[in-house]
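Below you'll find the structure, written out as structure tokens, and then a few comments.
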Amino acid sequence: MGEKKFDAVVIGAGFAGLYMLHRLRERGLSVKVIEAADGVGRVWYWSRYPGAKCDSDSIFYNFTFSEELYKKWRWKDRYASLPEILEYLNFVADELDLRRDIQFETRVNKASFNNDKKQWEIATDTNETFVAKYFISGVGCLSTTNLPPFEGTETFKGEQYHTGRWPHEKVDFTGKRVVVIGNGSSGVQAMPEIAKEAKELSLLMRTPHYVAEARNKKLTKEEQDQAIENYEAIRDSFTTTPGGISMYTTGKSATEFSAEQQKETLDYVWKTGGLALGSVYTDTGASKETNYVVSQYVRDKIDEIIEDPEKAQLLHPDYYITTKRLIIGTNFYEIFNEDHVNLVSLKDNPIEGIVENGVKLSNGTIECDVIIFATGYEAMTGSLLKIDIQGRDGKTIQEKWAEGRDVKTYLGLTMENFPNFFMITGPQSPSVLTNMPAAIEQHVDWIDHCIEYLETNDLQTIEAQRVSEVKWGKQCDDLANTTLFPHTNSWYTGANIDGAQRGFVIYVGGLNNYKVICDQVADNDYEGFSFEKTQANVVLQ
């Protein structure tokens, strides 16, 4: 097949890809979005496990760039379920007529920058080649599933599922013995639903997590009306808050309150539900003293809820709260009071392999009919590292990042040696520490304005300077080291993937401060970047 030429090619048709397509098309550029699935949604397309929900209040989990678009949609629940989120993204695709520029069921295998022609050449599994001036990743931070290399998975006679690649049709657990491996967000959300059907449900847990009660509910018409009326405030929160979302906070440290006041405040947050356990005090992520107050409160709650003291103790997290992703669930702890729900600590009794009738542990086999791998994702860098992306001199992104162990970016948006390549919510940006639609809107807007700058000033390429990467990496590290995040092994750092430990690759200074930095770079004529003029091989510093 011949080359298909566009001004820009975008990978992924989730929140990021849809908005990027809309912005660049509005600018008059020709754009093609390439998506592996047969529909929009990215992670929401694949992760259709029972109980799947977003963990941002739904009224914030949408685009705000268009007031008209925002006011045409009403969320049904406080926390939108996966079907409703997919319905929303399909609504956006239809309202903005985006599908005509999306090529579904196509996967990018390789992308290389042709330095002579100053263009990206993108090869797909459909044996097509796309050529574009701009190449943009909207693959997301959580879209490549992590399946630990357990020995013997192919020998298991029953059903096997991964929460990140769930069947589109309903899976019936009635009368079956089910084993869930992993208790991150997907495991916590799925287990209460599976427990309603399964004959027996066993959680094989490596690390217990802090789980806040969601208090999910149907939104009343009055609440929906209020969300519509509050458009300006919701849009404002995207860029003026650390997480791109309005959340309850005392605005103070826990140390400024008495023990009685601390309990009263935390009781309010627990009963209200949601992620405010992480925001109730300003220094939860930095002060060991404040962190202990919040962490111990949750451990006490676990003891109150779970009747069996041994099970309760096993479910006690011992790391700093918020340094792994804070999880919200519905009746997660309560299911361990049911006779047919079992709990196994893999620290005491590790998995030796999968056998034909179940999961073999060091002290015996748990027989089952179904195994569910709730083992998460190769987060932050995983999806990009799965693609053969080659820069100006043929050096791959895998080589540049040492397979993810030494990530180098400028602003989490760009890289040296990869001209005109942009990453939406890439590593070393605020990304997963934010309400994702807020982070995505900020990134897409910045990329769009950057491309406008290039087109207006007759510039052929933009590329991060190496010194800019070094300074940005140090800035990210220095900020992280003022917090408790580096003290905990988590998927934030790649610790869930064997051999992938890579340091903390998220900007922890807040989306509000990050936006100010990005805007200052742009206002200073994209300080820290190098350019090539369209008509001459002149590099501008």
Side-chain angles (χ1 to χ4, degrees), residues 51-58 60-61 78-80 141-142 182-192 205-216 241-250 254 262 265-288 290-302 305 315-333 374 376-377 379-380 430-436 438-439 480 483-493 495-496 504 506 508 510-511:
K53 291 180 177 62
C54 68
D55 55 10
S56 293
D57 281 81
S58 59
F60 294 93
Y61 203 75
R78 178 185 176 184
Y79 293 103
C141 307
L142 298 171
N183 64 313
S185 187
S186 64
V188 165
Q189 290 181 340
M191 284 188 63
M205 174 187 69
R206 184 170 63 179
T207 303
H209 296 301
Y210 297 95
V211 179
E213 187 64 30
R215 311 292 179 199
N216 197 24
T241 62
I245 187 171
S246 294
M247 296 180 67
Y248 174 77
T249 180
T250 61
Q262 290 169 354
T265 303
L266 291 168
D267 279 343
Y268 169 77
V269 169
W270 186 266
K271 291 173 183 174
T272 305
L275 294 173
L277 280 172
S279 65
V280 60
Y281 301 119
T282 55
D283 59 348
T284 302
S287 163
K288 291 183 180 180
T290 292
N291 197 284
Y292 177 80
V293 169
V294 183
S295 300
Q296 189 57 43
Y297 178 85
V298 178
R299 287 189 285 265
D300 290 342
K301 278 293 176 187
I302 294 170
I305 295 168
L315 285 163
H316 275 199
D318 61 3
Y319 58 88
Y320 298 114
I321 193 169
T322 72
T323 59
K324 288 181 184 280
R325 190 181 184 93
L326 183 59
I327 298 171
I328 59 171
T330 298
N331 296 327
F332 171 69
Y333 292 122
Y377 302 88
M380 310 311 300
S431 62
V432 294
L433 294 182
T434 69
N435 173 37
M436 289 305 295
T483 73
L484 301 173
F485 282 105
H487 295 275
T488 300
N489 287 333
S490 69
W491 61 254
Y492 290 154
T493 66
N496 63 317
F504 203 76
I506 308 171
V508 301
L511 184 57

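Small disclaimer: the values here were computed from a predicted structure and weren't measured. Heavy atoms only: backbone and side chains are in, while hydrogens, waters and symmetry mates are out.
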With Ser287, which residues qualify under side chain to side chain contact (heavy atoms under 4.5 Å, CB included), at least two apart?
->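 For Ser287, the residues satisfying side chain to side chain contact (heavy atoms under 4.5 Å, CB included) (neighbours in sequence not counted) are Asp283, Glu289, Thr290.
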
Not counting sequence neighbours, which residues clear side chain to side chain contact (heavy atoms under 4.5 Å, CB included) with Ala480? List them please.
-> Pro486, Phe504

In a check of side chain to side chain contact (heavy atoms under 4.5 Å, CB included) between Gln189 and each of Ser185, Pro192, Ser186, which one passes?
-> Ser185

Partner of Asn435 under side chain to side chain contact (heavy atoms under 4.5 Å, CB included), chosen from Ser56, Ser246, Pro430 =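 The single option meeting the side chain to side chain contact (heavy atoms under 4.5 Å, CB included) with Asn435 is Ser56.
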
4.5 Å side-chain heavy-atom contact, [X] and [Y]:
X: Thr322; Y: Tyr210; answer: no
X: Ile302; Y: Pro317; answer: yes
X: Ile328; Y: Arg215; answer: no
X: Asn331; Y: Glu213; answer: yes

Contacts of Phe60 that satisfy ring pair (Phe, Tyr, Trp, His ring centres under 6.0 Å) - sequence neighbours left out =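 In terms of ring pair (Phe, Tyr, Trp, His ring centres under 6.0 Å), with neighbours along the sequence ignored, Phe60 is linked to no residue.
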
Report the distance from atom [atom1] of [X] to atom [atom2] of [Y], rounding to the nearest 0.5 Å.
X: His487; Y: Lys288; atom1: NE2; atom2: NZ; answer: 5.5 Å
X: Arg325; Y: Asp55; atom1: CZ; atom2: CG; answer: 4.5 Å
X: Asp267; Y: Tyr297; atom1: CG; atom2: OH; answer: 3.5 Å
X: Leu266; Y: Thr250; atom1: CG; atom2: OG1; answer: 9.0 Å
X: Thr323; Y: Leu484; atom1: OG1; atom2: CG; answer: 7.0 Å
X: Asn291; Y: Thr483; atom1: CG; atom2: OG1; answer: 10.5 Å

Residues at least two apart in sequence or cross-chain that pass salt bridge (Lys or Arg N to Asp or Glu O under 4.0 Å) with Lys53, listed by chain then number, are none

Please name all residues satisfying salt bridge (Lys or Arg N to Asp or Glu O under 4.0 Å) with Asp300, sequence neighbours left out, ordered by chain then number.
->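 If we apply the salt bridge (Lys or Arg N to Asp or Glu O under 4.0 Å) test to Asp300, skipping adjacent residues, there are no hits.
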
Taking the six-membered ring for Trp, is the centroid-to-centroid distance between Tyr320 and Phe485 below 6.0 Å?
-> no

Donor-acceptor pair, side chain of [X] and main chain of [Y], under 3.5 angstrom:
X: Thr241; Y: Gly244; answer: yes
X: Ser279; Y: Met247; answer: no
X: Thr434; Y: Leu511; answer: no

Does a sphere of radius 6.0 Å around OH in Tyr292 hold more than 12 heavy atoms from other residues, nucleotides or ligands, not counting ones at 6.0 Å or beyond?
->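 Counting other residues, nucleotides and ligands, OH of Tyr292 stays at 12 neighbours or fewer.
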
Kindly list each side-chain donor-acceptor pair under 3.5 angstrom involving residues 269-278, sequence neighbours excluded, with atom names and distances?
unit_1 : atom_1 : unit_2 : atom_2 : d
Thr272 : OG1    : Tyr268 : O      : 2.6

Can you check side chain to side chain contact (heavy atoms under 4.5 Å, CB included) on Asn183 and Arg206, steps first, answer last?
-> CA-CA 8 Å; Asn183 64 313; Arg206 184 170 63 179; 6.0 Å; no

For Val211 and Tyr333, work out which heavy atoms get closest and say how close.
->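 Heavy-atom minimum between the residues: N-OH, 3.1 Å.
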
Any Lys/Arg nitrogen of Asp318 or Arg299 sitting under 4.0 Å from an Asp/Glu carboxylate oxygen of the other?
->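 No.
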
Check the pair Tyr319 / His209 against side chain to side chain donor-acceptor pair (under 3.5 Å), numbers first and verdict last.
-> CA-CA 9 Å; Tyr319 58 88; His209 296 301; 3.0 Å; yes

Any chance you could lay out the side chain to side chain contact (heavy atoms under 4.5 Å, CB included) test for Val294 and Thr284, step after step, and finish with the verdict?
-> CA-CA 8 Å; Val294 183; Thr284 302; 4.2 Å; yes

